[in-house]
Amino acid sequence: MKVSQAELSAVGDPARAVVEEARCGGVYVFAGRIPEGVEPVRVGADGTVSSDLYPESRVTGGFTVLELPTRTDAVEWARRMASASRCDQELREFMYDPTS
């Protein structure tokens with residue numbers, strides 16, 4: 001997302017409104033942001049710590065996790081967030097673990 005400092009509230013307020021809509025609708029799980037100033041690390045099975053990350057694992061920016069009944073619903077919520085935040089949204093599905 002590339003917006004000026006002056007535009008931040010014009011983008012942030014509508015995005016927060018979509019999140020609030022998700023909360024009120026009972027589908028909100030959590031949301032957050034990956035801080036860009038904190039470098040991620042990879043921790044190996046043997047306990048070693050490395051900055052050598054998986055190439056496809058670079059996640060930046062914010063994310064929102066919703067619990068939705070269908071992929072169609074997920075696409076619709078992603079559309080709402082993309083429109084409100086003026087930023088493309090990457091949609092992913094978590095695999096459910098019934099023992100967690």
Side-chain angles (χ1 to χ4, degrees):
M1 175 179 6
K2 301 216 188 278
V3 297
S4 70
Q5 191 69 25
E7 291 180 292
L8 279 180
S9 67
V11 173
D13 292 346
R16 282 187 291 280
V18 174
V19 170
E20 185 59 27
E21 185 181 347
R23 277 191 182 118
C24 291
V27 298
Y28 176 86
V29 178
F30 67 90
R33 178 163 174 69
I34 307 290
E36 294 176 18
V38 179
E39 289 297 319
V41 296
R42 181 170 158 183
V43 180
D46 63 358
T48 59
V49 179
S50 168
S51 61
D52 182 28
L53 304 176
Y54 292 114
E56 66 278 3
S57 70
R58 276 310 232 188
V59 177
T60 60
F63 58 92
T64 303
V65 177
L66 305 177
E67 184 173 353
L68 300 163
T70 68
R71 185 155 181 95
T72 301
D73 291 327
V75 169
E76 181 53 35
W77 278 101
R79 281 188 183 124
R80 291 178 191 174
M81 187 57 76
S83 176
S85 66
R86 303 180 199 174
C87 181
D88 291 354
Q89 302 295 300
E90 183 175 298
L91 178 61
R92 297 208 178 216
E93 182 175 333
F94 281 98
M95 291 177 59
Y96 175 69
D97 178 357
T99 63
S100 66

Which residues share a side-chain hydrogen bond (donor to acceptor under 3.5 Å, both in side chains) with [X], sequence neighbours left out:
X: T72; result: none
X: T99; result: D97
X: S51; result: none

Query raised in the report: Taking ILVMFWY side chains as joined if any heavy atoms are under 4.5 angstrom apart, and letting links pass through other members, which residues group with V43?
Result: V41, V49
Report task. May I ask you to list the residues sharing a hydrophobic cluster with V75, side-chain cutoff 4.5 Å, ordered by chain and number? Result ->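 For the cluster that includes V75, the remaining residues are L91.
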Report task. Please list all pairs passing the ring-ring contact (aromatic ring centres under 6.0 Å, His included) test where one or both residues lie in residues 5-27, with sequence neighbours left out. Result -> none
**Report entry** Pairing residues for F30 by the ring pair (Phe, Tyr, Trp, His ring centres under 6.0 Å) criterion, not counting sequence neighbours
**Finding:**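 Counting only residues at least two positions away or on another chain, F30 forms a ring pair (Phe, Tyr, Trp, His ring centres under 6.0 Å) with F63.
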Applying side-chain contact (heavy atoms from CB on, under 4.5 Å), name anything that partners [X], two or more places apart in sequence or on another chain.
X: S50; answer: D52
X: V29; answer: V65, E67
X: L53; answer: P40, R42, S57, R58

Acceptor/donor pairs from residues 32-39 side chains to any protein atom, 3.5 angstrom cut, sequence neighbours excluded:
unit_1, atom_1, unit_2, atom_2, d
R33, NH2, E36, OE2, 3.2

Query raised in the report: Rounded to the nearest 0.5 Å, what separation is found between the CD atom of E76 and the OG1 atom of T70?
Result: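 One finds 10.0 Å between CD of E76 and OG1 of T70.
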Report summary line: Closest non-hydrogen atoms of A74 and L68, given as atom of the first, atom of the second and distance, are CA-CD1, 3.4 Å
Without placing hydrogens or testing angles, list every side-chain donor-acceptor pair under 3.5 Å for residues 10-22, not counting sequence neighbours.
unit_1, atom_1, unit_2, atom_2, d
D13, OD1, R16, NH2, 2.7
E20, OE1, R23, NH1, 3.4
E21, OE2, R80, NH1, 3.0

